[in-house]
Undergrad: 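Here it is, the structure in full.
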Amino acid sequence: MSFERAGLVIALPKGRMMDDAYAAFARAGFELPAATGERELWHGDGERAVLELRGADVPTYVDLGIADVGVVGRDVLLESGRDLYEPVDLGFGACRLSLIRRPDDDRPIRRIASKYPSFTQAWLRERGLVADVVKLHGNVELAALVGLADAVVDVVQTGRTLKAAGLVEVEVLARSSARLIVNKSALKLKRALLWPLIERLREAARTTSG
Ligand code: PRP
């Protein structure tokens, strides 16, 4: 099957957030086309197509107009630095981006490891602080444990990983949850399709959280 531009193209992150995104759209009365096979890159028809992406790629596909809308964590959006219209807080995937250290370590922070290097640099600049930022791709807490870095900036959800590692959350730098993001041109060109979707997702998120 080749990728034909469907009426509405939706970019979703693979993994945990995908099921919640499907459920949120269904609650809003907007059924997304179901995945049909293994290792599919996208699925759907001429009306609606779903692109299955790594979370960090969702803002790129929406900003460059390949997808009209997407679902992504605010943490990922902050790291992307892209200026996207973000009209709905979908409520799920709540977590925080925090500065994390070893409890016995109070030396000045010279090096920070993170999966969020741009966000971390921006935070340092805002505070007037200077430190090296090292990009890592996973298991970031280990960097603080073994001394690769004096601190890490990472996602805290339940706090279980920190507890198990004996690390402490020194400061919450940002709060995150899943957001609907929308391409700004699509919002104008497909307003009859997109505004009702935004309104219904907003209403469904309000009902679920309230
Ligand atoms: C994330 C994050 C933390 C952990 C936080 O990692 O980087 O390590 O979850 O969750 P918790 O507070 O509920 O313990 P993820 O599972 O995405 O894998 P990764 O470490 O390989 O990035």
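In each ligand, atom 1 is the first atom listed, and ligand 1 is the first ligand listed.
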Undergrad: Pick, from Val156, Ile100, Asp75, Asn139, the option with the minimum heavy-atom distance to atom 21 (O) of ligand 1.
TA: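 The residue whose heavy atom sits nearest atom 21 (O) of ligand 1 is Asn139.
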Undergrad: Counting only N and O atoms by type, is there a donor-acceptor contact under 3.5 Å from the side chain of Arg101 to the main-chain atoms of Asp106?
TA: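 Such a contact is absent between Arg101 side chain and Asp106 backbone.
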Undergrad: What residue and heavy atom of the protein are closest to atom 5 (C) of ligand 1, and at what distance?
TA: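 Sorting protein heavy atoms by distance from atom 5 (C) of ligand 1 puts Val155 O, 3.3 Å first.
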Undergrad: If you measure from each non-hydrogen atom of Arg96 to ligand 1, which part falls under 4.0 Å: side chain, backbone, both or neither?
TA: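 Under 4.0 Å from ligand 1, Arg96 contributes no heavy atoms.
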Undergrad: Do Trp123 and Glu171 touch side chain to side chain, with heavy atoms closer than 4.5 Å?
TA: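 Yes, close enough: below the 4.5 Å cut-off.
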Undergrad: Nearest protein heavy atom to atom 16 (O) of ligand 1, by residue and atom, and its distance?
TA: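 Nearest neighbour among protein heavy atoms for atom 16 (O) of ligand 1, to 0.1 Å: Arg16 NH2, 3.5 Å.
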Undergrad: Looking at Arg206 and Glu203, does any basic side-chain N land under 4.0 Å from a carboxylate oxygen?
TA: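 A salt bridge is present here (some side-chain N lies under 4.0 Å from a carboxylate O).
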Undergrad: Should Leu97 and Val140 be regarded as members of a common hydrophobic cluster, given that ILVMFWY residues are connected when their side-chain heavy atoms come within less than 4.5 Å of each other, either directly or indirectly?
TA: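 Cluster IDs for Leu97 and Val140 differ.
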Undergrad: Using a 4.0 Å cut-off to any heavy atom of Arg160, which atoms of ligand 1 qualify?
TA: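 Contacts of ligand 1 toward Arg160, numbered from 1: 12 (O), 14 (O).
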Undergrad: Quick one: does His137 get an N or O within less than 3.5 Å of an N or O on ligand 1?
TA: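 Between His137 and ligand 1, no N or O pair is found under 3.5 Å apart.
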Undergrad: I need the contact type for Thr161 against ligand 1. Using non-hydrogen atoms and a strict under-4.0 Å cut-off, is it side chain, backbone, both or neither?
TA: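 Both parts.
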Undergrad: Would Gly159 count as being in polar contact with ligand 1, using the rule that some N or O on each side must be under 3.5 angstrom apart?
TA: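 Yes - when backbone and side-chain N and O of Gly159 are compared with those of ligand 1, one distance drops under 3.5 Å.
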Undergrad: Please examine the side chains of Tyr61 and Val72, heavy atoms only from C-beta on, and report whether any two atoms are closer than 4.5 Å.
TA: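 No, side chains not in contact.
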Undergrad: Thr158 heavy atoms, cut-off 4.0 Å: which ligand 1 atoms fall inside?
TA: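 Per the distance check, 11 (P), 12 (O), 13 (O), 14 (O).
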